[in-house]
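First the structure, in the form of structure tokens, and then the observations on it.
The sequence lines fix the lettering, A, B, ..., with proteins before strands; numbering per chain opens at 1.
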Amino acid sequence: MSQLKVYNSYTRQKEVFNSITPGHVGMYVCGPTVSGESHLGHARPFITFDVVYRYLQFLGNKVRYVRNITDAGHFEEEGREAEDKISKKAVLEKLEPMELVQKYTNLFHWAMKQFNNLEPSIEPTATGHIVEQIEMIKTIIKEGYAYEVNGSVYFDVKKYAESYPYGKLSGRVVEDLLETTRDLEGQDEKRNKQDFALWKSAAPEHIMRWNSPWGVGFPGWHIECSAMSSKYLGTEFDIHGGGMDLMFPHHESEIAQSSICHGGHVPARYWLHNNMITINGKKMGKSYNNVIKLTELFSGQHPLLEQAYAPMTIRFFILQTHYRSTLDFSNEALQAAEKGMKRLWESYESLKKLAQTHSGDQEGSDNALVAKVTKLMEEMDESMNDDLNTAKVLASMFELAPVINSVKDNHISISAIGTKTISLLSSKFKAYLEDIFGLKAEKAQDDNKLNGVLELLINIRKDAKAKKDYVTSDKIRNQLQQLGILLKDDKDGTVTVSFE
RNA sequence: GGUCCUGUGGCCGAGUGGCUAGGCUGAGCUCUGCAAAAGCUCCUACACCAGUUCGAAUCUGGUCGGGACCUCCA
């Protein structure tokens, strides 16, 4: 099997993935800011990196997956009103800041569960790591790369850039930054415009505030990730993930802070960035006022939505595109994903039954067929290893689906494909659909009573059909359909039930 | 303005220089009491203009369009 290659934003090329400690992987992903409800755009990194997490584990690694919760609240750029985002909203909603944070953290966790995302190994909060952040800032000052002004501390980017490649990750030149950074109104405490805050002095009205060697304040924009990643993954770890929009300034600043504290090296070896979800070609984001919240998506309650979309539909939709491409939202695209996922999943259900009833390791007699199936299965692995090309994996699976369905419908005989191939296919589909992609049946029906009633109805209908009493048989089928239960008559007389 | 990405059939989307990805939609056929599902077949695209090459959607240059970042942002 080929080796896993990933596109490393830091080197701008695909590289073979090798973890620092073989068999172990440390991965840090920038988590949500819990000052508001998550929207569709937020779903992408968490689904993308959930698949990375799952795949690394599938490959036999023990993975420590750290995803933070930003609950300390970033503040607006100085010059505008320097306000803690979270405390501002708390006033509006008349809630305690931590109450607000709790509410949106719970909602975020709920959404992650809907998407069938695995829980990270550690989910540290910014407010829980104020001490670590302060310690880190102290080190940066001691090393001479930060300075204090009026109770705030800033990172000295200009000095850092003299001996480190500041801007390498995001492809930026420090001199250019000086020219293109917007003019700041009012007083500027910073020595240079590129400098960023490590610690900000808190105005009296700030509710979220902590004591520090520089006075009462709150931590800067980027220091939490540096502090928490090094605490839980070490000063050099394998993967750092997040959305492309975080490359600058967030990740660039993270690299700068961490390098100063940890011997000059970049904290993570592989930097993975997912692209944005767009809507009508524009990035979905608060500033564009075009977000669709996850709760709206699941319920269909939004002017742009023609219907509700199930979490698994969205997951499938996201996986049908490569993670580094933009993904444009539209009802048409979501509906296509919904149908496609349904078809693939039903094929998988058939395959599971086939594998159960026809176990064995008998070689198939149709060599061309077996070769085709084998090739497609190999391509699935190749595609996944090629920078996690889930879109291509799914394409291969869609090519396998007709083969499976044909075996089910007896258009292809069991002996032609061979029980061995069926068994291999079955474990392959299970591995990808369930273990790696984290998909699951939209509506698992494991209600014994309901199943008993269904069985009864199916039997009555079968008897009616035998007597050519189609009025009765159609009545049962039609009325069940109105309830969202579909009965499909298979070739061999059995009935397949599916739920809408 | 700077840096970078991108432009694929009705829609969504993969794509390693030569081998019609795939999904959805639409049309036809087969199977079926009817239906649904499924299977088979068809709709053969790569913004534009030059260049490199035996050969380019894929490489190079240019033109035009779209987008991201440069500010909180997944």
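In this structure, A:K392 does not reach the B:G13 phosphate: none of its side-chain N or O atoms is under 4.0 Å from OP1 or OP2. For A:R67 and B:A74, the shortest distance from a side-chain N or O to OP1 or OP2 is not below 4.0 Å. Proximity of A:T326 to the phosphate of B:C5: no side-chain N or O atom is located under 4.0 Å from OP1 or OP2. A:Y323 has no side-chain polar atom (N or O) that falls below the 4.0 Å cut-off from OP1 or OP2 of B:A14. Contact between the side-chain N/O atoms of A:R324 and the OP1/OP2 oxygens of B:C5 is not found at any separation under 4.0 Å.
The distance from atom NZ of A:K283 to atom P of B:C4 is 19 Å, rounded to the nearest whole Å. At whole-Å resolution of the value, NE2 in A:H222 and P in B:A74 are 13 Å apart. Atom-to-atom, CD1 of A:I476 to C1' of B:C34 comes out at 15 Å; the value is rounded to the nearest Å. At whole-Å resolution of the value, CG in A:L400 and P in B:A21 are 17 Å apart. Here the C1' atom of nucleotide B:U3 and the CZ atom of A:R12 are 9 Å apart, to the nearest Å. If you measure from atom CD of A:E379 to atom C1' of B:C19, you get 12 Å, rounded to the nearest angstrom. Distance, A:R343 CZ to B:G39 C1': 10 Å, rounded to whole Å. The distance from atom NE2 of A:H251 to atom C1' of B:C73 is 12 Å, rounded to the nearest whole Å.
Taking 3.5 Å as the limit, the base of B:G15 and the side chain of A:N389 contain no donor-acceptor pair of atoms between them. Between the base of B:C11 and the side chain of A:N331 there is no donor-acceptor pair shorter than 3.5 Å. With hydrogens and angles ignored, a donor-acceptor pair closer than 3.5 Å exists between the side chain of A:R477 and the base of B:A35.
The side chain of A:F248 has B:C69 as its nearest neighbour among B:A14, B:G22, B:C69. The side chain of A:K488 lies closest to B:A37, out of B:A37, B:C12, B:G23. Considering only side-chain atoms of A:D245, the nucleotide from B:C34, B:C73, B:C12 that sits closest is B:C73. Side-chain proximity of A:H39 to B:G23, B:A74, B:G13: nearest is B:A74. Checking B:A74, B:C11, B:C70 against the side-chain heavy atoms of A:E332 singles out B:C11 as nearest. Residue A:E346 has its side chain nearest to B:A37 when only B:A37, B:G39, B:A14 are considered. Counting only heavy atoms from C-beta on, A:N274 has its side chain closest to B:A74 among B:A35, B:G23, B:A74.
At a threshold of 4.0 Å, the pair A:K375-A:E379 counts as salt-bridged, since one of the basic side-chain nitrogens sits closer than that to a carboxylate oxygen. A salt bridge between A:K392 and A:D386 is absent, with no side-chain N of the basic residue lying under 4.0 Å from a carboxylate O of the acidic one. Note on A:R67 versus A:D50: no salt bridge recorded, every NZ/NE/NH1/NH2 to OD/OE distance being 4.0 Å or above. Between A:D381 and A:K428 there is a salt bridge, since at least one side-chain N of the basic residue sits less than 4.0 Å from a carboxylate O of the acidic one. With respect to A:D195 and A:K158, no salt bridge is recorded, no charged nitrogen being found less than 4.0 Å from a carboxylate O.
Counting any heavy atom pair closer than 4.0 Å across all strands shown, A:Y470 reaches a base atom. Residue A:K339 is in sugar-phosphate contact alone, with no base atom involved, counting any heavy-atom pair closer than 4.0 Å across all strands shown. Base engagement by A:D474 is indicated by at least one non-hydrogen atom pair under 4.0 Å involving a base atom. A:S473 comes within 4.0 angstrom of a nucleotide base, judged by non-hydrogen atoms across all strands. Across all strands shown, A:S406 has heavy atoms under 4.0 Å from sugar-phosphate atoms exclusively, and none from any base. If you check every strand for non-hydrogen atoms under 4.0 Å, A:I277 touches a base. Among the protein residues, A:M284 comes within range of the nucleic acid bases, having at least one heavy atom under 4.0 Å from a base atom. As judged by a 4.0 angstrom heavy-atom cut-off over every strand, A:H322 is placed among residues touching the sugar-phosphate backbone only. A:L246 comes within 4.0 angstrom of sugar-phosphate atoms only, judged by non-hydrogen atoms across all strands, and of no base. Within the nucleic acid shown, A:L487 comes within 4.0 Å of at least one base atom, counting heavy atoms only. Base contact: A:G41 has a heavy atom under 4.0 Å from a base atom. Using a 4.0 Å heavy-atom distance criterion, A:M244 is classed as making no nucleic acid contact.
Between B:C12 and B:G33, the distance separating the two P atoms is 41 Å to the nearest Å. Nucleotides B:A14 and B:C24 place their C1' atoms 15 Å apart, quoted to the nearest Å. Nucleotides B:C4 and B:G62 are separated by 13 Å at their P atoms, to the nearest Å. One P atom belongs to B:U16, the other to B:U60, and the distance between them is 13 Å to the nearest Å. Using atom P as the reference point in both B:C59 and B:G7, the two lie 10 Å apart (nearest Å). Comparing B:C40 with B:G22, their P atoms are spaced 11 Å from each other, to the whole Å. Distance check on atom C1': B:C5 versus B:C11 gives 23 Å, rounded to whole Å. When the C1' atom is compared between B:C48 and B:A57, the two are found 14 Å apart, to the nearest whole Å.
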Would you list the protein and nucleotides 27-32 of chain B atom pairs, both N or O, that sit under 3.5 Å from each other?
residue: B:C31; atom: O2'; partner: A:K491; partner atom: NZ; Å: 3.4

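Annotation: A:K352, atom NZ; neighbour count of heavy atoms from other residues, nucleotides and ligands within 6.0 Å is above 12.
The ring of A:F46 does not lie on top of the base of B:A74; it is either too far (5.5 Å or more) or too tilted (30° or more).
Note: A:F329 CZ to A:F317 CZ = 7.5 Å, rounded to the nearest 0.5 Å.
With a cut-off of 3.5 Å on both Watson-Crick or G-U wobble distances, the partner of B:G55 is given as none. When both pairing distances are held under 3.5 Å, B:G7 makes a Watson-Crick or G-U pair with B:C64. When both pairing distances are held under 3.5 Å, B:U30 makes a Watson-Crick or G-U pair with B:A38.
Checking A:Y288 against A:S396, the closest nucleotide of RNA chain B that is more toward the 5' end is the one next to A:S396. Residue-to-nucleotide proximity on RNA chain B shows that, of A:K408 and A:L394, the 5′-proximal contact is made by A:L394.
With ring centers used as reference points, A:F316 lies 6.0 Å or more from A:F437.
Between A:Y348 and A:W345, the ring planes are perpendicular. Angles over 60° get that label, and only those under 30° would be called parallel. Between A:H250 and A:H222, the ring planes lie tilted relative to each other; the angle falls in the 30° to 60° range.
Residues A:S383 and A:N385 bring no donor and acceptor atom of their side chains to less than 3.5 Å of each other.
The side-chain hydrogen bond (donor to acceptor under 3.5 Å, both in side chains) test with A:R461 singles out one residue from A:D489, A:T472, A:D469, and that residue is A:D489.
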